[in-house]
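Remarks on the structure that follows.
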Amino acid sequence: MNPKNTNTMADEPWRMPSTVQELAANVQEPPSRYLLPEEERLSDQLAGAEMPEAVPTIDLRRLLASDDGAGEEAAKLRSALQSWGFFLATDHGIEASLMDALIAASREFFRKPLEEKQAYSNLIEGKQWQLEGYGNDPVKSQDQILDWSDRLHLRVEPEDERNLDRWPGHPESFRGLLHEYTLSCKRVKDGILRAMARLLELDDDDRILDQFGDKGSTYARFNYYPACPRPDLVLGIRPHSDICVLTLLLMDEHVAGLQVLRDGTWYGVPAARNRALLINVGVSLEIMSNGIFRGPVHRVVTNSEKERMSLAMFYSADLEKEIEPIAELLGEKQQPARYRRIKCRDFVAAHYEYFSKRERVIESLKIQG
Ligand SMILES: O=C(O)CCC(=O)C(=O)O
Ligand SMILES: [Fe+2]
């Protein structure tokens, strides 16, 4: 049945599932709302295949240097983007101690009692869903299959538009660490997007960065996946592509779970040691690059023994800006536009509609022919 298209929840408790962390502490089996359809459950499929090669690894210091090494690293970057759409960035210049401290502080937040975390809830007055805060995805229909994860989702840039009332005040170190991490990640993101502009042979290294407009947004999302008694029946996050331009993902150092789809096969991405960052193309960049770079489809599986945490930094264009293929990449001699133009705000809204139906918004923007 199609629910009313309003977000009033008082008479519709199915819109407000409890946190997965609470469930995990209280149930022997995941409730039916979390169970995947039979055809997606086959355990061998959920297990994920071993990648046929190591995750492509790019030394960022070399990539951004102005000597011969940079050319070699750029060739590796091109091949990584064409084959997988993601790579591991090492030597990125962010202190491992900062990453460790931020992950430890966010773990401490997730361990706090529920009432304390609910003070940062993503439901306004316990009712209306918003992107920022602690909680889950919006539940848009009663038969929507839910994911086995909770999250804390915060807008970190532009700095003057932070909603600090959603930022945990405890542990006390949290806000300062997230601020520091945001500044460090910005440098990494800028460097990578400039290297990508060079790969596309754009006139100006800043051409991709220019596409963000005046008020590009950065969201930090702390994903928390409690151990699940039946990892063969649920997903931590369902298949999706990130909606943003670029994602910098700090994975759990010890617990794997991320899988990437390529040519119809799901491949498991091993946990990354040494605080390497997994860099992933988002579908906004797929549009901007006119399909030269592709946003990979990925998902997260759970396991029965260990909780898992990850921290994603999503870099998105200004909501008022239109996303479209960069003009320089189009032309009669080159390629016709493969994607329709869309306002970023509409793109994000459409993403959540499609995501709840387990579909990809980018498909609706492709120009046929
Ligand atoms: O937890 C992970 O490894 C991936 C998370 C993810 O795909 C996301 O937050 O969009
Ligand atoms: Fe993702």
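We count ligands from 1, going down the list as the structure has it; atoms in each ligand are counted the same way.
Relative orientation of the F174 and F222 rings is tilted, given thresholds of 30° and 60° on the angle between their planes. Using a 30° and 60° split on the angle between ring planes, Y352 and F355 fall in the perpendicular class, above 60°.
For the pair NE2 of H240 and NE2 of H298, the angle whose vertex sits at the Fe ion (ligand 2) is 90° to 10 degrees.
Ligand 1 lies nowhere less than 4.0 angstrom from a heavy atom belonging to R151.
Of all atoms in ligand 1, listed by their number and element, those nearer than 4.0 Å to a heavy atom of V300 are 1 (O), 2 (C), 4 (C). Counting atoms of ligand 1 from 1 in the listed order, those under 4.0 Å from a heavy atom of R221 are 8 (C), 9 (O), 10 (O). Short contacts between ligand 1 and F314, defined as distances under 4.0 Å to a heavy atom of the residue, involve ligand atoms 8 (C), 9 (O), 10 (O). Every atom of ligand 1 is numbered from 1 in the order shown, and the set under 4.0 Å from a heavy atom of S310 is 1 (O), 2 (C). Near Y225, meaning under 4.0 Å from any of its heavy atoms, are these atoms of ligand 1: 1 (O), 2 (C), 4 (C), 5 (C).
In this structure, CG on L200 lies 12.0 Å from CE on M288, to the nearest 0.5 angstrom. For the atom pair CZ (F212) and NZ (K189), the distance works out to 5.0 Å, reported to the nearest 0.5 Å. Taking CG from D59 and CG from L77, the interatomic distance works out to 12.0 Å, rounded to the nearest 0.5 Å.
Of the candidates R308, H298, M251, the one placing a heavy atom closest to atom 3 (O) of ligand 1 is R308.
Counting heavy atoms closer than 4.0 Å to ligand 1, residue D242 contributes side-chain atoms (C-beta onward) but none from N, CA, C or O. In D252, neither the side chain nor the backbone holds a heavy atom less than 4.0 Å from any atom of ligand 1.
Within a 6.0 Å sphere centred on CG of D67, heavy atoms belonging to other residues, nucleotides or ligands number more than 12.
In this structure, the ring of Y219 has its center no less than 6.0 angstrom from the ring center of F314.
Note on D242: its N/O/S atom closest to the Fe ion (ligand 2) is OD1.
Both tests do not hold together for K112 against F109: distance to the six-membered ring centre under 6.0 Å, angle to the ring axis within 45°.
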